[in-house]
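Computation of the quantities below employed the complete heavy-atom set of this structure, encompassing side-chain atoms and omitting hydrogens, waters and symmetry-equivalent molecules. Atoms within a ligand are numbered from 1 in the order they appear, just like the ligands themselves.
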Amino acid sequence: MIDLAIIGGGPAGLSAGLYATRGGIKNVVLFEKGLPGGAIASSSEIENYPGVEEVKSGMEFMDTWNRQCFRFGLTHQMEEILNVSKKDDSFVLKTYNKEIEAKNVIVCTGSIPKRAGIKGEDKFYGRGVSNCATCDGFFYKDKEVAVIGGGDTALEEALYLTNIASKVYLIHRRDDFRAAPSTVEKVKNNKKIELILSVTIEEIFGDQSGVNGIKYKDKNDNISTLNVPGIFVFVGMSVNHDILKNDNGSFICEVNKKGEVKVDLKMKTSLKGLYACGDIREDASRQVICAAGDGATASIEVINSSH
Ligand code: NAP
């Protein structure tokens with residue numbers, strides 16, 4: 001039986017692994033279906049992680065985490081965990097072909113980008129519609145692109161895309177942004193970004209070769225068309241909580257209305273031995289530094305409760 005299973009290899013999972021192994025927990029396994037690093041690895045740049053003064057790409061930033069967090073005995077299994085269930089005093093983790101028992105589990109499965117629900121969005125997803133500027137931005141070198149959203153992600157990725165695209169239209173449904181004021185300022189001062197505000201997107205259109213453009217409606221119901229081959233949608237995140245569901249759709253631990261896992265200040269869920277960290281937990285600040293703090297807090301609690 002594994003002493004501690006950590007599910008998800010982003011900042012929360014890696015930090016939990018580092019603290020648990022360095023703190024003396026022996027058999028600690030990080031389950032991550034891909035390479036550890038998490039969603040932040042595909043972020044264009046990180047400039048608000050204290051101690052890392054030089055602005056780095058998400059990939060470059062997580063590279064050192066990967067080396068450091070495995071230094072004290074943490075192991076990585078490239079497995080997708082499909083389900084977690086309680087069995088007596090331990091937990092059973094199901095993969096496609098086996099069951100793994102673990103005494104304690106820290107769930108750090110994070111969140112995924114939401115779809116905006118625009119007509120044509122699903123149809124053209126992967127054929128001109130994307131949620132990752134670092135992955136797909138290059139396809140639009142010297143071309144015009146549109147970014148949808150008004151939060152930190154949309155604005156930061158719009159700024160990143162100005163390094164590649166000839167022009168970036170930032171389309172937002174209000175005239176006020178959720179993003180940090182300093183980021184809003186950078187966007188407003190960037191000559192390659194044109195703001196299209198207080199509009200409703202009607203449709204993403206295209207043909208067999210992919211996206212051709214976007215139609216939107218202003219406050220006076222006037223419809224405009226923007227001919228762009230690439231559309232980046234950044235309209236928030238939803239939590240990855242499916243592994244915590246029972247067969248009947250209920251959850252093995254308490255979650256709030258948004259499906260975020262309820263935790264106490266030690267990251268303990270309502271189920272003894274089960275912890276939730278990072279974006280998946282209630283009231284998460286959705287910041288790398290906070291996810292990392294959650295992971296450390298949970299592992300310290302696992303260590304303390306094992307004495
Ligand atoms: P977010 O802050 O929730 O912003 C989502 C944006 O999308 C909002 O502007 C929202 O408009 C718009 N939106 C939502 N649904 C829409 C729809 N159906 N159609 C059109 N627009 C829609 O999401 P996020 O930018 O992904 O950020 C998530 C969290 O991560 C936030 O807490 C953010 O601060 C954090 N984050 C931080 C950093 C950083 O610190 N550097 C970087 C990235 C993300 P309304 O404003 O009108 O609701």
Side-chain angles (χ1 to χ4, degrees), residues 10-12 37-62 108-122 124-125 129-135 146-161 168-188 193 195-204 214-219 224 226 231-240 258-260 277-294:
I40 195 68
S42 47
S43 177
S44 55
E45 57 180 44
I46 321 284
E47 63 175 9
N48 55 359
Y49 198 92
V52 184
E53 194 183 1
E54 192 192 331
V55 176
K56 290 189 170 183
S57 71
M59 186 73 85
E60 209 187 335
F61 176 73
M62 289 315 290
C108 313
T109 44
S111 56
I112 46 164
K114 277 186 193 161
R115 299 271 167 110
I118 301 163
K119 186 178 169 199
E121 183 184 13
D122 289 346
F124 291 106
Y125 190 81
V129 175
S130 167
N131 326 93
C132 180
T134 35
C135 319
V147 168
I148 299 171
D152 281 308
T153 309
L155 272 68
E156 287 180 9
E157 299 309 296
L159 285 166
Y160 169 77
L161 284 164
V168 178
Y169 296 94
L170 178 66
I171 307 175
H172 180 35
R173 62 186 180 185
R174 293 188 296 135
D175 61 358
D176 194 20
F177 295 104
R178 282 179 197 268
S182 61
T183 308
V184 175
E185 213 41 46
K186 276 190 208 165
V187 162
K188 286 184 173 167
I193 299 181
L195 300 178
I196 300 177
L197 303 178
S198 306
V199 298
T200 311
I201 295 161
E202 294 279 289
E203 183 186 0
I204 292 172
I214 196 163
K215 277 192 184 140
Y216 60 88
K217 191 165 72 177
D218 68 17
K219 277 180 185 162
S224 301
L226 203 59
I231 295 166
F232 291 84
V233 181
F234 302 112
V235 295
M237 311 291 287
S238 344
V239 292
N240 285 327
K258 291 188 246 169
E260 298 158 346
C277 299
D279 283 11
I280 192 176
R281 67 121 165 135
E282 186 170 43
D283 287 335
S285 305
R286 297 183 197 275
Q287 302 290 310
V288 178
I289 193 166
C290 303
D294 285 2

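- Not a single donor-acceptor pair under 3.5 Å links the side chain of Glu185 to the backbone N or O of Pro181.
- Between Glu260 and Arg286, at least one side-chain N (NZ, or NE/NH1/NH2) sits under 4.0 Å from a carboxylate O, which counts as a salt bridge.
- The residue Lys114 has no part lying near ligand 1, judged by heavy-atom distances below 4.0 Å.
- In this structure the side chain of Met237 reaches within 4.5 angstrom of the side chain of Pro113, judged on heavy atoms.
- Those atoms of ligand 1 with a heavy atom of Glu156 less than 4.0 angstrom away are 38 (C), 39 (C), 41 (N), 42 (C).
- Evaluated by nearest non-hydrogen atom to atom 46 (O) of ligand 1, the leading choice among Arg286, Arg174, Glu121 is Arg174.
- Contacts of Asp176 with ligand 1, taken as heavy-atom pairs under 4.0 Å, are absent altogether.
- Of the listed options Ser43, Gly236, Gly151, Gly236 places a heavy atom closest to atom 3 (O) of ligand 1.
- For His172, the closest heavy-atom approach to ligand 1 falls below 4.0 Å.
- The closest protein non-hydrogen atom to atom 17 (C) of ligand 1 is Arg173 NH1, 3.6 Å.
- The nearest protein atom to atom 18 (N) of ligand 1, hydrogens excluded, is given as Ala116 O, 3.0 Å; this is a heavy-atom distance.
- Counting atoms of ligand 1 from 1 in the listed order, those under 4.0 Å from a heavy atom of Phe234 are 7 (O).
- Within the 3.5 Å criterion, the main-chain N or O of Gly278 finds a donor-acceptor partner in the side chain of Asp294.
- In this structure, atom 29 (C) of ligand 1 is in close contact with the protein, since a protein heavy atom lies within 4.0 Å of it.
- Interatomic distance, Glu60 CD to Glu54 CD, rounded to the nearest 0.5 Å: 6.5 Å.
- Applying the side chain to side chain contact (heavy atoms under 4.5 Å, CB included) test between Val147 and each of Val168, Leu155, Leu159 identifies Val168 as the sole match.
- Nearest protein neighbour of atom 33 (C) of ligand 1, counting heavy atoms only, is Asp152 OD2, 3.5 Å.
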TODO: Show your reasoning for whether side chain to side chain contact (heavy atoms under 4.5 Å, CB included) applies to Ile118 and Ile214.
DONE: CA-CA 10 Å; Ile118 301 163; Ile214 196 163; 5.5 Å; no
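- Polar contact check, Gly149 against ligand 1: no nitrogen or oxygen pair lies under 3.5 Å apart.
- Among protein heavy atoms, the minimum distance from atom 39 (C) of ligand 1 is reached at Asn48 ND2, 3.3 Å.
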Task: Test log, rule side chain to side chain contact (heavy atoms under 4.5 Å, CB included), inputs Glu45 and Tyr160 - done: CA-CA 8 Å; Glu45 57 180 44; Tyr160 169 77; 5.8 Å; no
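- In this structure, Thr183 contributes its side chain and Glu156 its backbone to no donor-acceptor pair below 3.5 Å.
- Here atom 43 (C) of ligand 1 lies nearest to Thr153 when heavy atoms of Thr153, Thr183, Val235 are compared.
- Among protein heavy atoms, atom 32 (O) of ligand 1 sits closest to Ser285 O, 3.9 Å.
- An N or O contact shorter than 3.5 Å links Gly150 to ligand 1 by distance.
- Distances from atom 2 (O) of ligand 1 to the heavy atoms of Met237, Gln287, Arg178 put Arg178 nearest.
- Of the possible donor and acceptor atoms, one in the side chain of Asn240 sits under 3.5 Å from a partner among the backbone N and O of Thr109.
- The backbone N or O of Ala284 sits nowhere less than 3.5 Å from a side-chain atom of Asp279 that would complete a donor-acceptor pair.
- With a 4.0 Å heavy-atom cut-off, ligand 1 is reached by no atom of Phe177.
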